[in-house]
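Report on the following structure.
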Amino acid sequence: MPELPEVETIRRQLLPQVVGRHILSVRVTRSRAVRAHATPDEFIRLLGHAAIIDIIRRGKALLFLLDNGRSLLARLGMSGRLKTADPSSTPEPHTHVFIELSGGVELRYIDPRTFGQMAVVEGHDPDRMIELGHYGVEPLGEAFTPEVLCRALSGKTALIQAVLMDQTKITGIGKIYADEACFLAGVHPERAACSLTDDEIVRLHAAIREVLQKAVEARGTSTLDAAYRDAAGNVGGFQFQLHVYQQNGRPCRVCGTLIEYRPFQGRRMHFCPCCQH
DNA sequence: AATGGGGCCTGAGAGC
DNA sequence: TGCTCTCAGGCCCCAT
């Protein structure tokens with residue numbers, strides 16, 4: 001599932017391939033992929049023949065900044081992928097959007113489960129976009145401090161896991177890194193957010209940054225169903241460093257106790273019953 | 001205001 | 001072999 005490290009990996013790969021190129025033509029083969037617009041034609045019209053001047057990331061969202069004052073927003077959902085291809089090459093199954101660029105490059109959006117989407121939005125500043133304005137702090141940015149995490153957790157009866165995945169508090173964390181950050185911090189994910197001590201909040205803050213940074217360095221995590229591929233079509237490397245996510249039944253790398261999982265809001269959370277309290 | 005649950009989707013894998 | 005069922009989860013919407 002593309003979370004912050006996966007999206008950042010794709011951004012870095014696409015940057016040298018698409019920046020500076022103009023949009024020549026756009027094709028949408030599944031309207032659900034651009035469902036924020038009344039029709040695919042509207043999406044295509046708003047893109048026009050703009051040039052891509054930069055790609056920035058906000059949480060799990062990618063923004064292709066255009067020289068017409070708008071931005072192409074891509075949210076990958078569970079199974080969304082972006083890649084560049086030769087315009088004449090056979091598209092992979094579930095390719096829903098084709099953006100032909102100058103220089104013989106085509107940007108393609110692929111998404112089997114169709115939870116993701118593309119949209120054209122006004123402006124270049126994500127904090128001023130209604131689509132992304134509700135997003136919380138960037139966990140790898142300077143603004144994310146232990147104090148900010150403390151405010152996000154304080155008074156919350158919801159589980160730590162739920163708060164970490166709440167994009168309006170901290171943006172970019174999903175199932176994988178919420179599980180992993182709790183493990184690194186030694187905190188049980190089933191605890192109420194407000195129950196963490198100051199020391200635990202400091203540890204959790206450091207754990208969030210550490211796990212995200214290491215996952216970016218490893219080019220993201222490709223989980224069991226291998227849905228995630230980077231823009232070059234390769235799997236990530238962080239799945240080999242996971243401690244708890246989808247590791248249930250395996251011995252903890254630290255203490256050897258078997259990793260467990262429990263249902264959580266229709267999902268599962270993974271933890272080591274010995275290392276996390 | 002905060003919280004929890006349902007629905008959207010398709011492919012992989014399990015079970016029969 | 002081939003069918004049916006379950007699971008995966010980001011994000012939005014709605015009820016409490």
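Naming: A, B, ... by sequence-line order, numbering from 1 per chain. This one's a predicted model, so the numbers in the text were calculated from it and none came from an experiment.
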Practice task
Kindly say if A:Tyr245 contacts the phosphate of C:dG9, meaning a side-chain N or O under 4.0 Å from OP1 or OP2.
Solution key: yes

Handout entry: Separation of B:dG4 P from A:Leu159 CG (nearest whole Å)
Key = 6 Å

Exercise for the section: Using atom CG of A:Leu62 as one end and atom C1' of C:dC11 as the other, report the distance to the nearest whole Å. Expected result: 16 Å

Practice task
Determine, answering yes or no, if A:Phe115 is stacked on B:dC8 under the 5.5 Å centre rule and the 30° plane rule.
Solution key: yes

Handout entry: Any A:His94 side-chain N or O less than 4.0 Å from OP1/OP2 of B:dG11
Key = yes

Practice task
Would you indicate, yes or no, if B:dC9 has its OP1 or OP2 atom less than 4.0 angstrom from a side-chain nitrogen or oxygen of A:Arg32?
Solution key: yes

Practice task
May I have the distance from A:Met78 (atom CE) to C:dG10 (atom P), rounded to whole angstrom?
Solution key: 7 Å

Exercise for the section: State whether A:Glu6 and A:Arg219 are salt-bridged, where the test is any N-O pair (Lys NZ or Arg NE/NH1/NH2 against Asp/Glu carboxylate O) under 4.0 Å. Expected result: no

Exercise for the section: State which of B:dC9, C:dG9, B:dG11 makes the closest approach to the side chain of A:Thr114. Expected result: B:dC9

Problem - Integer-rounded Å distance: C:dC12 P and A:Arg35 CZ - result: 9 Å

Exercise for the section: For A:Asp111 and C:dA8, give me the distance from atom CG to atom P, rounded to whole Å. Expected result: 19 Å

Practice task
Measure from the side-chain heavy atoms of A:His134 and tell me the nearest of B:dA2, C:dC12, C:dA8.
Solution key: C:dC12

Exercise for the section: Would you check if the side chain of A:Glu138 reaches a backbone N or O of A:Gly59 as a donor-acceptor pair within less than 3.5 Å? Expected result: yes

Handout entry: A:Leu132 CG - C:dC12 C1' separation (whole Å)
Key = 14 Å

Completion exercise
Atom NE2 of A:His270 and atom P of C:dG9 are separated, to the nearest Å, by 7 Å

Exercise for the section: Measure from the side chain of A:Gln167, starting at C-beta and using heavy atoms only, and say which of B:dG11, B:dC9, C:dC11 lies closest. Expected result: C:dC11

Handout entry: Pairs meeting criterion side-chain hydrogen bond (donor to acceptor under 3.5 Å, both in side chains) with involvement of residues 126-135 of chain A, two or more places apart
Key = A:Arg58-A:Asp127

Problem - Distance-only side-chain donor-acceptor flag, A:Arg32 / A:Thr114, under 3.5 Å - result: yes

Exercise for the section: Give a yes/no on whether any side-chain N or O of A:Arg30 is located under 4.0 angstrom from OP1 or OP2 of B:dT10. Expected result: yes

Handout entry: Length of the OH-P vector between A:Tyr261 and C:dC7, whole Å
Key = 9 Å

Exercise for the section: Look at all strands and tell whether A:Thr157 reaches a base, only sugar-phosphate, or nothing, counting heavy atoms closer than 4.0 Å. Expected result: sugar-phosphate

Handout entry: N/O donor-acceptor pair, side chain A:Arg268 with base C:dA8, under 3.5 angstrom
Key = no

Exercise for the section: Look only at the side chain of A:His49 and the backbone of A:Ile23, and say whether a donor-acceptor pair between them is shorter than 3.5 Å. Expected result: yes

Problem - Under 4.0 angstrom between A:Lys60 side-chain N/O and C:dC11 OP1 or OP2 - result: yes

